[in-house]
Colleague: 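Structure below; questions to follow.
Reckoned from all heavy atoms, side chains included, excluding hydrogens, waters and symmetry mates. Letters A, B, ... mirror the listed sequences (proteins, then strands); counts begin at 1.
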Amino acid sequence: MRISKSFQGSIVVEDTDALRLHLARQVSHWAMAASRLGDLEDLAAASVWEGLEKYTGIVLRQNLSTAVERLQRQAATLQGQLNAARTRDEIDRVQRQLLGFRQHYLQTETLQDFYADALNTRTSPRLAALLRACDVLARRSMSQLLDRLGKTTPPVLTYIDKGLGASILKAGLRLWDGRTESLTAAIKITRHNLYRPTALIHEAGHQVAQFIGWSDELAALLDRELSMVSPQVAGMWASWSSEIAADTFAFAHTGYAAVSGLHTVIDGGEAIAFRYIPGDPHPIGYLRLLLGIEMCRLFFGRGPWDNLERAWRQEMDLARAGSGVRELLQQSLPLLPRIAELTLVAPMRAFRGDSLAMLIDPRRVSPEALAKLEQQGGAALYTSHHWVWTEPLRLLALTGYSAATQSDRALVVLQQQRDWMLRLGETLQVA
Amino acid sequence: LADEEGARDPEAEEAMEFLNELYEEEFDEAVFELVSEADEFYQDRFESEYGDPLVQKMQAARMLEQHFAPLVAEAEMFLDTMAQELGQHNPSSLDEAAIESLIDRYEPQNNLSPSFEDFLGGLKNKLKGAINKAASLAKQGIKLAGQLGLKPILEKLKQLIKPLVKRVVQYGINKLPPALRPVADQFAKRFLNQEFEEETTSSEEATPDVSGIQREFDGQIANLLFTREAVEQELAIAEYVKEAQKPIAHDLLSELDRARAQFVKQLGELREGEDPTPLVQNFIPAILPALKLGISLAGRSRIVIFLAKYLAKLIIKFIGPQFYYLEIPEARPQVVPVAGGAPKPRRIRQVHIRFNFPCDLIQVNLFLSETVAQTIAVKLRQKASIGTVMPHLSAIYEPRLKKIMTEKHHSHMKTIHGKVPPKGSRGRILSRLPQTVREWFIKNMIEWLGKNLTTYLQQKSPDFITATENPADGVTLKIVFTNPPGLSHLRKILRGESVNIQEIQAKGGMPDANIQVIPGFNRG
């Protein structure tokens, strides 16, 4: 530091040195902050980390550590540049880099906060076990397809939150810092759906569709096949392909339970059922449910979904839909059987020339197949770790089907669902 | 023992006597429990149709070492404490009672699982034997042990703990070190310049007797006590430690696992109507070495083609060409939740036999893992023919019964007999029986079990189904045979009385049997 005597005899620091001094304090502050982010125990208590399935915990820690290490490396570089800076230009450059570093820090913090919030929803051993069961269900649904296609299934971290619908932060995406790739699929399950988590499978369907390029191929297929009716209708259905793919995936794994679960979420009155927002990837609710019913009909024939359709059509009077939307709905209704066929039985490049139904056969969750499973497993179906480990998806389909068709046994079914999910979660080795 | 010229070697004789004294069946049992834990851990958590078996084994070995780390720490702490306490004494001044009391006083520093406790108990007994021998050698003043004192011996003994536990881990994941063979042989060659007869266990056996682990460890203890030079002690320990540190490499069993994984994966990719024969043809050559079919090269290709066609037909007939879902890619669950308690490891299927001569009973406890129990319950609920159920049971009891009766799983057998001390009550007692008698018993017990279990399942299937609906892990079928034919003759043989073997072989008839089904594991 250069020091000179002023005319009054007091000691002052020259301008460049003053800048450097304050910059050093700033760099030190942010470097320390970055260093503190490295302690993952500050993010979530040890007991929370211990509540994760071992493999998921390892991958998540690795993912978060990578993001923080990158930030810390940047801090070290910044510190080195500051040490080397001598001229005003060099100091200004460090100053600009510090601004970039602050931005990177905040992004990394946002990334960490997201996972901290997700992890900390595992507030009790019981809830941690239930969410571990959700992790298994989602992961298993993906691996049944991805294994066949030679793809690796990512670990899943499920967390619970308020609201109506589930959501997913897919594995493979760049996270908030723009550099770190997400290694886990983080799925939000809403509280009301914790014991009927077919929405998990819908979200897992999004992950799968992204991995194998299914949505784009389905969009092209729908556009091509439906354009003879109306290019506008075809375009509309094509724009919904990602959500249709996810719904189809959930149906293939859990059958009518997925359709019934969807009904619960979208049954919010005509305003919601008939809402059409161009660009929204979600199909108009009215059609979305009817498409699920067509899928049931395609694979299972007649059944309780026929009643659901009658009730839905009575409840949602098409005449009360806005005129523009009504026309789209009316044009779409006759296309539903064909759309169900296209999504489930049309061969796709994404499935290496097979159809989805060839890889995940929905007949395994037909009412008859589920009744057979119930007969085979008896009371042990919900208590034996053999069954809950080997057939969790069909158990989800079975309990969802029972809940949808036996409202008088709703409490019993709910209890069964909770018990086997707890058992599944407790069966996993935790970190 | 005699050298080439037939002269007796008292030192060699003393060493071998010491090895025999040191050997304890209870320690084998403790080792067996640890091996079972390791095996179960590996099979449940790692062994799967997917992934590289070698990688799985390496990962399993690392995790198992962590799993057994508390045991290693406790055993080492025990030896440290003993080194401090016994090191203060002159070996020649210690008597047996003082040694025993000092060792028995030691309490583990941490809570240990029952299997760890048993192992530590076995180690205490080993130490008692070793210290007594060291004291005796010190009194003779002829061996290094006497000159060095007890502390250095115990410190060296401590170095053997980690390799010993590594042996257990390797055994558990089917990666038995090739060096694991009767150590009396190595010991004699190295220190006594003697050649010993090979023991019955061949080093090439896929599942050698677990007692090899104890014998090897005992050999190391003997080495510490009987060796003449310090450098010899160090060399032997270094070799033992080095052997345990060898990385896991591809072996026959890994290759078999790899081939199987590939086979299952490719089967899963078969399309409707596609012929699986080419896949089977690729798979069979990979399994042939492991099966040790001993086929000469000339005959091999013909057998491959024949088996391929045969297996392909079987596959289509029984499984169908569409494989919806063959294997869960995730590691299988390791633990079973227990209401109000800590989760427990899953148990594997097993058989325990008890010959109770005073009561004229033979008791067989047949434990069925949860998967097997549920598979059988499904068939019973479907009213399937008992003929389709019995193979699931006989596949468990037949091979295990044979192994127990031929001493390979000897710790799964208990004998209650006036002439058999509790220490010798495990399966090795059967070595006193003539081969033909053993074979007769194996054959007949298999027949008795088959017939009685068939009747039981025909008449009491609801009992079995109810037991499988209990949340406990698996079920135990407890079969008690009363006055079984031949048991009185067996009792006489064990008493040392002469018996007409043809008379036993002429014995026929079916003993009375009582069968109970108990939820969970039960060996009582």
Colleague: Should we say atom CZ of Arg349(B) is surrounded by more than 12 heavy atoms from elsewhere, each under 6.0 Å from it?
Modeller: no

Colleague: For chain A, find which of Thr375(B), Thr466(B), Val378(B) contributes the most heavy-atom pairs closer than 4.5 angstrom.
Modeller: Val378(B)

Colleague: Answer yes or no: are there more than 12 heavy-atom neighbours, outside Lys460(B) itself, under 6.0 Å from its atom NZ?
Modeller: no

Colleague: Measure across Glu469(B) and Thr383(A) and return the closest heavy-atom pair with its distance rounded to 0.1 Å.
Modeller: O-OG1, 3.4 Å

Colleague: Side chains of Pro471(B) and Arg423(A): closer than 4.5 Å at any heavy-atom pair?
Modeller: yes

Colleague: Would you say CZ of Arg409(A) has more than 12 non-hydrogen atoms from neighbouring residues, nucleotides or ligands within 6.0 angstrom?
Modeller: yes

Colleague: What's the spacing between Thr371(B) OG1 and Trp387(A) CH2 if we round to 0.5 Å?
Modeller: 10.0 Å

Colleague: If you compare all heavy atoms of Ser384(A) against all heavy atoms of Glu370(B), which two are closest, and at what distance to 0.1 Å?
Modeller: OG-OE2, 2.5 Å

Colleague: Before giving the answer on side chain to side chain contact (heavy atoms under 4.5 Å, CB included), spell out for Gln376(A) and Gln374(B) the whole-Å C-alpha distance, their side-chain angles and the decisive distance to 0.1 Å.
Modeller: CA-CA 9 Å; Gln376(A) 285 178 333; Gln374(B) 292 300 334; over 6 Å; no

Colleague: Out of curiosity, Asp473(B) CG to His386(A) NE2, how far, rounded to the nearest 0.5 Å?
Modeller: 12.0 Å

